[in-house]
Chemist: 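Please find one structure pasted underneath; my questions will follow.
Atoms considered below: every heavy atom in the structure, side chains included; atoms not considered: hydrogens, waters and symmetry mates. Predicted, not measured: the structure shown is a model, and the values here were computed from it.
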Amino acid sequence: KIWIYPLVNGRPRETSAYSVSPATSQAGAYFGRNDIVLNDTEMFVSDISASGSEAGSQNDGVVYYFKKSSDTTGNNFKFGGTTGNHEYVLTQSNGSGLQDYFGWAIDYDGTTFVAGSPYTDGTGTRRGAVSIFTASADTGKFEQWYEITPDSTQDHSYFGIALAIDGDTLAVHSQES
């Protein structure tokens, strides 16, 4: 579970706290443990241990997308609305393999969402990759439109183990020597 604490003047309103969780039994033990990013209306929660139908295989990783919506009274705006469940799941579109750990690092700048998969093998061993998502004009859902892989041929570079995006700049950490 992820606990949400509304803040008033910088202080948590503990009496207004609520939790969110995936609406599936496929969620892994690492739901939200690695990374969470949010703004006033959207929240992305990674689960690098997810497996099963949503992730493909063990430890592929997924990212759950939550949208803030009102409850039945129309007054309480909460992530996950009345159920506290996610709207949809983002996955790596390249058919991520066993233990890619998609979502190890995630970030969002309001228009573009990025997710690192530091254990993706690609053309070597654990070279890593970063997936870039934007909202579809047709569906409104975030869809992967690009993937960046390291230029290096060094194995175990773990490209995407840490990252940040701001406007037109993406910074990606790699453990290359």
Chemist: Are Tyr158 and Tyr119 near enough that their ring centres are under 6.0 Å apart?
Modeler: yes

Chemist: Answer yes or no: is there a side-chain heavy-atom contact under 4.5 Å between Leu90 and Gln144?
Modeler: no

Chemist: With under 30° as parallel and over 60° as perpendicular, where do the rings of Tyr101 and Trp104 fit, or are they tilted in between?
Modeler: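 Aromatic pair Tyr101/Trp104 classed perpendicular.
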
Chemist: Report yes or no: does Asp109 contribute a side-chain atom to a donor-acceptor pair with the main-chain N or O of Ile165 at less than 3.5 Å?
Modeler: no

Chemist: Which atoms form the tightest heavy-atom contact between Phe102 and Ile48, and what is the distance?
Modeler: O-CG2, 3.8 Å

Chemist: For Ala135 and Gly140, work out which heavy atoms get closest and say how close.
Modeler: CB-O, 3.9 Å

Chemist: Would a 4.5 Å heavy-atom cut-off, applied to side chains only, mark Phe159 and Ile148 as touching?
Modeler: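 Of all side-chain heavy-atom pairs linking Ile148 with Phe159, at least one is under 4.5 Å.
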
Chemist: Side chain to side chain contact (heavy atoms under 4.5 Å, CB included) between Val63 and Phe113: does it pass, once the steps are laid out?
Modeler: CA-CA 11 Å; Val63 174; Phe113 173 77; 3.7 Å; yes

Chemist: Any donor and acceptor pair, going by atom type alone, linking the side chain of Ser136 with main-chain N or O of Thr139 inside 3.5 Å?
Modeler: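 Yes: the side chain of Ser136 pairs with the backbone of Thr139.
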
Chemist: Could you tell me whether Asn39 atom CG has more than 12 heavy atoms of other residues or ligands within 6.0 Å of it?
Modeler: yes

Chemist: Before we go on, tell me: are the rings of Tyr108 and Phe142 under 6.0 Å apart, centre to centre?
Modeler: yes

Chemist: Taking the side chain as C-beta and beyond, is there a heavy-atom pair between Leu7 and Arg13 under 4.5 Å?
Modeler: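 They are not in side-chain contact.
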
Chemist: Measure the shortest side-chain to side-chain distance between Glu147 and Gln92 over non-hydrogen atoms and say whether it is less than 4.5 angstrom.
Modeler: yes

Chemist: Who passes salt bridge (Lys or Arg N to Asp or Glu O under 4.0 Å) against Lys67, sequence neighbours left out?
Modeler: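 In terms of salt bridge (Lys or Arg N to Asp or Glu O under 4.0 Å), with neighbours along the sequence ignored, Lys67 is linked to no residue.
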
Chemist: Do Ile2 and Phe66 touch side chain to side chain, with heavy atoms closer than 4.5 Å?
Modeler: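 When only atoms from C-beta onward are counted, Phe66 and Ile2 do not touch, as no gap falls below 4.5 Å.
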
Chemist: Are Val114 and Ile161 grouped together when hydrophobic residues (ILVMFWY) are joined by side-chain heavy atoms under 4.5 angstrom apart?
Modeler: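 Val114 does not cluster with Ile161.
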
Chemist: Between Val37 and Ile106, which heavy-atom pair has the shortest distance, and what is it?
Modeler: CG1-O, 3.6 Å

Chemist: How about Tyr88: does its OH atom have over 12 heavy atoms from other parts shown lying under 6.0 Å from it?
Modeler: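 Enclosed.
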
Chemist: Pair Arg127, Asp155 - check salt bridge (charged side-chain N to carboxylate O under 4.0 Å, His left out), show working.
Modeler: CA-CA 5 Å; Arg127 291 196 180 156; Asp155 287 341; 3.1 Å; yes

Chemist: Applying the 4.5 Å side-chain criterion to the ILVMFWY set and letting contacts propagate, would Tyr146 and Leu163 be lumped into a single cluster?
Modeler: yes

Chemist: Grab the two heavy atoms, one from Asp121 and one from Asp100, that are nearest each other, plus how far apart they are.
Modeler: N-OD1, 4.2 Å

Chemist: Given side chain to side chain contact (heavy atoms under 4.5 Å, CB included), test Ser117 with Val130 step by step and report yes or no.
Modeler: CA-CA 6 Å; Ser117 305; Val130 172; over 6 Å; no

Chemist: Using the salt bridge (Lys or Arg N to Asp or Glu O under 4.0 Å) criterion, which residues pair with Asp138? Sequence neighbours excluded.
Modeler: none

Chemist: Would you say Ser19 and Ile4 make side-chain contact, with heavy atoms under 4.5 Å?
Modeler: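 They are not in contact (no side-chain heavy atoms under 4.5 Å apart), so the answer is no.
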
Chemist: Pairs of donor and acceptor atoms involving the side chains of residues 167-174, under 3.5 Å and at least two apart or interchain, shall be tabulated with distances.
Modeler:
| unit_1 | atom_1 | unit_2 | atom_2 | d |
| --- | --- | --- | --- | --- |
| Ser174 | OG | Ser157 | O | 3.3 |
| Ser174 | OG | Glu176 | OE2 | 3.1 |

Chemist: Of all heavy-atom pairs between Gly128 and Pro150, which one has the smallest distance, and what is that distance?
Modeler: O-CD, 3.2 Å

Chemist: Would you check if Asp47 and Val45 make a side-chain contact, meaning some heavy-atom pair closer than 4.5 Å?
Modeler: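 A side-chain contact under 4.5 Å is absent here.
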
Chemist: Between Tyr18 (side chain) and Phe79 (backbone), is there a donor-acceptor pair under 3.5 Å?
Modeler: yes

Chemist: Are Lys68 and Asp40 close enough that some pair of their side-chain heavy atoms sits under 4.5 Å apart?
Modeler: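 Yes. Closest side-chain heavy atoms under 4.5 Å.
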
Chemist: If you compare all heavy atoms of Ala105 against all heavy atoms of Gly160, which two are closest, and at what distance to 0.1 Å?
Modeler: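 Closest approach of Ala105 to Gly160, heavy atoms only: CB-O, 3.7 Å.
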
Chemist: Which of these, Glu42, Glu87, His86, sits in a side chain to side chain donor-acceptor pair (under 3.5 Å) with Tyr65?
Modeler: Glu42

Chemist: If you measure from CZ on Phe31 to OG on Ser46, what distance do you get to the nearest 0.5 Å?
Modeler: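 OG of Ser46 is found 9.0 Å from CZ of Phe31.
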
